[in-house]
Structure formats: C-alpha cells, structure tokens
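Each remark here refers to the structure printed beneath this line.
All values reported here derive from a predicted model rather than from experimental measurement. We count residues from 1, following the sequence as given.
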Amino acid sequence: MTASESPGSVSEVREAAFRLLARREHSAKELVFKLVGKGWPEMIVEQVIVDLAESGLQSDRRFTDSLIRDRVSRHYGPRRILAELHDRGIDPALASNAIDEAHIDFFALATAFYKKKYGAPDRGLEYKERAKRAQSLYRRGFDSDHFRDLN
C-alpha cells in the first residue's frame, strides 16, 4: 500500500513531519522536499505543513534564527548565511531582517576566523599569499570590508 492509498495518510504525513521536526528545525521548503521525496503526495504534504505552521510547530523564523546562530558559531559571513537561507526557501526579507536583528559583529567574526586560521595579521605578506587569505574569507561569506585591514 502506498502513502496515497492509505486512509490515514494525512495523519501519517503529519507524524513523519513531527519526526523530522523533533530532530531539528526545518524550513517549509525542506519539509516539502523531504516528505515528497519519501513518496507522500505533495498536496497532502503542503496541507500538513500549513497546519503545522499555523499551530506554531513549524516556523521559518525559528529555522532562520537557528541557522544563523549555527553558521555564526562556525565563523561564516553574511553572504554565505544569506545564500544558505535562500537555498532553503527562506524569504530574502525575512533572512535580512533576522541577520540585522541578531546584531552580529561580522568584522570581529572575520578577525577571529583569520586569527584562528593564520595567526596574527602580517602586513609584509606577498600579494599571492594575501590573495589566498582573502579568498578564504570570501568563500566563508565575508565581504572585503570585513577583512580589508587584516592583510
């Protein structure tokens, strides 16, 4: 018997969504992707996710805050965080507001990552080495403004 043939499929989809949300926060887009990928009908999945959001069990805002905290603890910059949130279906306005409201000092974060990886800044580096270090910070999502004075 497939999920669409099951008489209690809405409750089963809801139970599957609960199991996913019990592990960690998920965006609505992630839940749709995972549940449809397991074979549940998309129409039922979307209905269940709307119900979960209305009852406060699924929240894109909570997911956004959680992802921001996690990525900041791993020394990622704002561009990388915004890109990840976009990939996970979070509204760009919500993502930008959440980052602004978190009051993160990305200059200090870039400096901390730089010192962790390379030690104290050295002004006497060759161009090639400075470029290599700058690219490392770019890949982590920092803008040049965040680390211009480090090299």
Side-chain angles (χ1 to χ4, degrees), residues 1-119 121 132-151:
M1 181 178 343
T2 66
S4 61
E5 297 169 353
S6 172
S9 61
V10 172
S11 63
E12 290 173 5
V13 171
R14 188 174 174 86
E15 188 64 35
F18 278 147
R19 284 193 301 275
L20 290 170
L21 289 169
R23 291 185 195 119
R24 70 169 176 86
E25 292 288 342
H26 286 74
S27 68
K29 180 181 176 182
E30 282 182 322
L31 283 175
V32 169
F33 180 78
K34 287 183 177 187
L35 293 170
V36 169
K38 291 182 180 191
W40 300 105
E42 188 170 355
M43 192 171 88
I44 294 175
V45 168
E46 289 176 356
Q47 172 193 347
V48 166
I49 292 172
V50 167
D51 292 344
L52 290 173
E54 288 174 354
S55 63
L57 297 171
Q58 187 281 323
S59 168
D60 279 352
R61 178 57 194 236
R62 256 193 336 260
F63 169 78
T64 300
D65 292 342
S66 173
L67 189 128
I68 289 170
R69 278 191 310 274
D70 180 63
R71 296 312 184 258
V72 166
S73 73
R74 295 179 188 193
H75 295 97
Y76 285 114
R79 288 180 314 129
R80 171 90 180 251
I81 294 170
L82 286 170
E84 283 191 46
L85 289 168
H86 177 352
D87 290 346
R88 293 171 185 219
I90 301 300
D91 178 56
L94 171 63
S96 292
N97 288 340
I99 287 178
D100 291 343
E101 291 172 8
H103 303 292
I104 302 161
D105 184 355
F106 286 109
F107 292 98
L109 198 61
T111 302
F113 173 74
Y114 187 94
K115 286 180 180 178
K116 178 180 172 188
K117 184 161 182 158
Y118 301 111
K132 177 182 154 189
R133 292 179 181 195
Q135 283 300 313
S136 173
L137 288 158
Y138 278 127
R139 282 190 303 273
R140 293 197 77 81
F142 292 103
D143 293 321
S144 60
D145 293 342
H146 292 130
F147 58 87
R148 181 177 294 133
D149 297 332
L150 293 175
N151 283 324

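Atom CD of residue E84 and atom OG1 of residue T64 lie 11.5 Å apart, to the nearest 0.5 angstrom. Atom CD of E12 is separated from atom CH2 of W40 by 4.5 Å, given to the nearest 0.5 angstrom. Taking CZ from R79 and NE2 from H146, the interatomic distance works out to 9.5 Å, rounded to the nearest 0.5 Å. Summarising the geometry, atom OH belonging to Y114 is positioned 15.0 Å from atom CZ belonging to R140; distances are rounded to the nearest 0.5 Å. Remark: L20 CG to L52 CG distance equals 10.5 Å, nearest 0.5 Å. In this structure, S11 OG and R14 CZ are separated by 9.5 Å, a value rounded to the nearest 0.5 Å.
By the 4.5 Å heavy-atom criterion applied to side chains, L31 and V45 are not counted as neighbours. Counting only heavy atoms from C-beta outward, the side chains of S66 and R24 never approach each other to under 4.5 Å. Using a 4.5 Å cut-off on side-chain heavy atoms (C-beta onward), I68 and L85 make contact. No side-chain heavy atom of K29 sits under 4.5 Å from any side-chain heavy atom of V32.
Heavy-atom minimum distance, L137 versus A110: CD2-O, 4.0 Å. Considering every non-hydrogen atom in both P78 and I99, the closest pair reads O-CD1, 4.3 Å. Minimum heavy-atom separation, D145 to F107: O-CE2, 3.0 Å. F142 and F106 make their closest contact through CE2-O, 3.6 Å (heavy atoms, listed as atom of the first residue, atom of the second, distance). Nearest approach of A95 to L82, heavy atoms of both residues: CB-CD2, 3.7 Å. Taking both residues in full, the closest heavy atoms of I90 and S27 are given as CD1-CB, 3.8 Å, listed atom of the first, atom of the second, then distance.
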Stepwise side chain to side chain contact (heavy atoms under 4.5 Å, CB included) check, Q47 with V50: CA-CA 5 Å; Q47 172 193 347; V50 167; 5.9 Å; no
Does the pair I44 and L35 meet the rule for a side chain to side chain contact (heavy atoms under 4.5 Å, CB included), with working shown? CA-CA 10 Å; I44 294 175; L35 293 170; over 6 Å; no
Check against side chain to side chain contact (heavy atoms under 4.5 Å, CB included), Q58 and D60: CA-CA 7 Å; Q58 187 281 323; D60 279 352; 2.9 Å; yes
Applying side chain to side chain contact (heavy atoms under 4.5 Å, CB included), run through R71 and R80 and close with a yes or a no. CA-CA 9 Å; R71 296 312 184 258; R80 171 90 180 251; over 6 Å; no
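The only option from R88, K34, R62 that meets the side-chain hydrogen bond (donor to acceptor under 3.5 Å, both in side chains) definition with H26 turns out to be K34.
More than 12 heavy atoms of other shown residues, nucleotides or ligands fall within 6.0 angstrom of atom OH in Y118.
Checked by atom type and distance alone, the side chain of S73 pairs as donor or acceptor with a backbone atom of D70 at under 3.5 Å. In terms of modelled atom types and a separation under 3.5 Å, the side chain of K38 and the main chain of V13 share no donor-acceptor contact.
The six-membered or imidazole ring of F113 lies away from that of Y76, with a centre-to-centre distance of 6.0 Å or more.
Residues R69 and D65 are not paired through a salt bridge, judged by the lack of any N-O separation under 4.0 Å between the basic side chain and the carboxylate.
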